[in-house]
Protein chains: 2
Amino acid sequence: MVSYAELRETGAFAPACSTRVVLDHVMSRWGVLVLCTLSDGTHRWGELRREVEGISEKMLASTLRQLVADGIVHRESLPTVPPHVEYCLTERGRDLMDRMLPLIEWIAVRADDIVGVGSRATPNAR
Amino acid sequence: MVSYAELRETGAFAPACSTRVVLDHVMSRWGVLVLCTLSDGTHRWGELRREVEGISEKMLASTLRQLVADGIVHRESLPTVPPHVEYCLTERGRDLMDRMLPLIEWIAVRADDIVGVGSRATPNAR
DNA sequence: CGGTATCCGCTTCGATACTG
DNA sequence: CAGTATCGAAGCGGATACCG
């Protein structure tokens, strides 16, 4: 069994360590949204661009490149004309999303209450 | 039961929605690290500054202000001289961290493998 | 001790145009 | 269709100084 406290002892959260690097990739503004979309299954570039509302081509490209390099997302380029490229989670990516989705869903369900706390919202959930 | 797909249908991830706002607060570079530290229990300002290695006073201040406003962190200012201020998770915050810690631990354990996948990394810090 | 205020560099990001 | 290249604007974040 591994706890946060134990990991911290070993320096797993030091300033330039790999944990922080992965955290930055995976918990980034767009990284989270792309990963959530891919947790539904395989998607093409154009689908991702449409489904992750607001993302620019530049950010989609760099986010995907990062996640592919990290072995979290798999890129499959079919040799057709016109090009056809698909993205899906690797097994590691599915493992990751098994842990992330409960968190995302918890946040999504309570988000309205949370941002409303300081501004008079509906009474508290929970 | 709530799934990501269902939430998405309802617009829970639209461009300027509260879900994205909370996501940005909670999954931010420093937000994650501050929350992990507070998951150990109550900490003073100075302790947080030391334990979250690399954070500046400005970022610690703004991160804490954000999390307090979101009702995730509780701030307790003792009326002593010199001042003594403590931060801890609220019940909502503990709920959140119950979901986030498994994710963080998964990442921390595998981080070295992940960043090494594409680049054959330099040996680990620590 | 526990912050806030100000300045400012430097990365990040988005928009647009272009390419295989 | 699936990207890359370039550029300008925005804001993140650090350093410093100062206040309650």
Side-chain angles (χ1 to χ4, degrees), chain A residues 13-17 20-35 37-38 41-70 73-88 118, chain B residues 13-17 20-35 37-38 41-70 73-88 118:
Chain A
F13 294 89
C17 66
R20 288 207 188 174
V21 171
V22 175
L23 238 30
D24 281 351
H25 295 175
V26 150
M27 322 264 289
S28 70
R29 176 178 194 65
W30 299 117
V32 173
L33 297 175
V34 167
L35 287 171
T37 303
L38 288 178
T42 299
H43 288 261
R44 298 181 59 176
W45 165 276
E47 292 172 347
L48 288 171
R49 195 188 189 322
R50 262 176 288 113
E51 294 211 29
V52 181
E53 296 174 63
I55 196 170
S56 67
E57 293 191 348
K58 178 180 177 176
M59 290 320 317
L60 179 56
S62 76
T63 300
L64 283 171
R65 241 182 289 122
Q66 201 78 77
L67 294 173
V68 169
D70 289 346
V73 167
H74 175 72
R75 178 181 188 276
E76 181 112 34
S77 173
L78 311 193
T80 58
V81 178
H84 182 108
V85 182
E86 295 186 333
Y87 293 90
C88 61
Chain B
F13 294 89
C17 65
R20 287 206 188 175
V21 171
V22 175
L23 239 30
D24 281 352
H25 295 174
V26 151
M27 322 263 288
S28 70
R29 176 178 193 66
W30 299 117
V32 174
L33 298 175
V34 167
L35 287 171
T37 303
L38 288 178
T42 298
H43 288 260
R44 298 181 59 175
W45 165 276
E47 290 173 347
L48 288 171
R49 195 188 188 328
R50 261 177 288 115
E51 293 211 27
V52 182
E53 296 173 64
I55 196 170
S56 68
E57 293 191 350
K58 177 181 178 175
M59 283 298 106
L60 179 55
S62 76
T63 300
L64 283 171
R65 241 183 289 123
Q66 201 78 79
L67 294 173
V68 168
D70 289 346
V73 168
H74 175 70
R75 177 182 189 274
E76 181 114 33
S77 173
L78 311 192
T80 58
V81 177
H84 181 108
V85 181
E86 295 187 334
Y87 294 90
C88 62

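Sequence lines set the chain letters: A, B, ... in the order given, protein chains first and strands last, and positions in each chain run from 1.
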### Query
Do you know the tightest heavy-atom contact between E53(B) and P15(A)?
OE1-CD, 3.6 Å

### Query
What is the distance, rounded to the nearest whole Å, between atom CD of Q66(B) and atom P of dG3(C)?
16 Å

### Query
If every non-hydrogen atom of T63(B) is compared with every non-hydrogen atom of G31(B), which pair is closest and at what distance?
CG2-CA, 3.7 Å

### Query
Should E86(B) and C88(B) count as side-chain neighbours, where that means a heavy-atom distance under 4.5 Å?
no

### Query
Rounded to whole angstrom units, what separation is found between the CG atom of L64(A) and the C1' atom of dC1(D)?
14 Å

### Task
For the side chain of R65(B), starting at C-beta, report the closest nucleotide among dG14(D), dT4(C), dG14(C).
dT4(C)

### Message
What contact category does R75(A) fall into here, base, sugar-phosphate, or nothing, at under 4.0 angstrom with non-hydrogen atoms?
### Response
sugar-phosphate

### Query
What integer distance in Å separates R29(A):CZ from dC13(C):P?
8 Å

#### Entry: Most 5' of G46(A) and W30(B) on DNA chain D, judged by nearest nucleotide
G46(A)

### Task
Please work out which residues in residues 49-60 of chain B have a non-hydrogen atom less than 4.0 Å from an atom of DNA chain D and list them by number.
G54(B), S56(B), K58(B), M59(B)

### Query
Taking the side chain as C-beta and beyond, is there a heavy-atom pair between R20(A) and L33(B) under 4.5 Å?
yes

### Query
Between atom CG of L60(B) and atom CD of E51(B), what is the distance when rounded to the nearest 0.5 Å?
11.5 Å

### Which atom of Y87(B) lies closest to which atom of R75(B), heavy atoms considered
OH-NE, 3.3 Å

#### Entry: Gap between atoms CG and P, on L48(A) and dC1(D) respectively (whole Å)
14 Å

### Task
Indicate whether OP1 or OP2 belonging to dC1(D) is found under 4.0 Å from a side-chain N or O atom of Y87(A).
no

### Message
Can you tell me which nucleotide in dG2(C), dG14(C), dG3(D) comes closest to the side chain of P83(B)?
### Response
dG2(C)

### Query
Hey, are the side chains of L67(B) and L38(B) touching, using non-hydrogen atoms and a 4.5 Å cut-off?
no

### Query
Looking at dC1(D), dG14(C), dG2(C), which one has an atom nearest to any side-chain atom of R44(A)?
dC1(D)

#### Entry: Between dG3(D) (C1') and E47(A) (CD): distance, integer Å
16 Å

### Query
What bend angle does the helix from dC1(C)-dG20(D) to dG20(C)-dC1(D) show across its length, from five-pair end axes and to the nearest 10 degrees?
50°

### Summary
In whole angstroms, the gap separating P of dG3(D) from CD of E86(A) amounts to 12 Å

### side-chain contact (heavy atoms from CB on, under 4.5 Å) between V34(A) and V73(A), worked out
CA-CA 10 Å; V34(A) 167; V73(A) 167; 5.6 Å; no

### Query
To the side chain of W45(B), which of dG14(D), dG2(C), dG3(D) is closest?
dG2(C)

### Message
Please find the pair of heavy atoms, one from V32(A) and one from V26(A), that lie closest to each other, and give the distance.
### Response
CG2-O, 3.4 Å

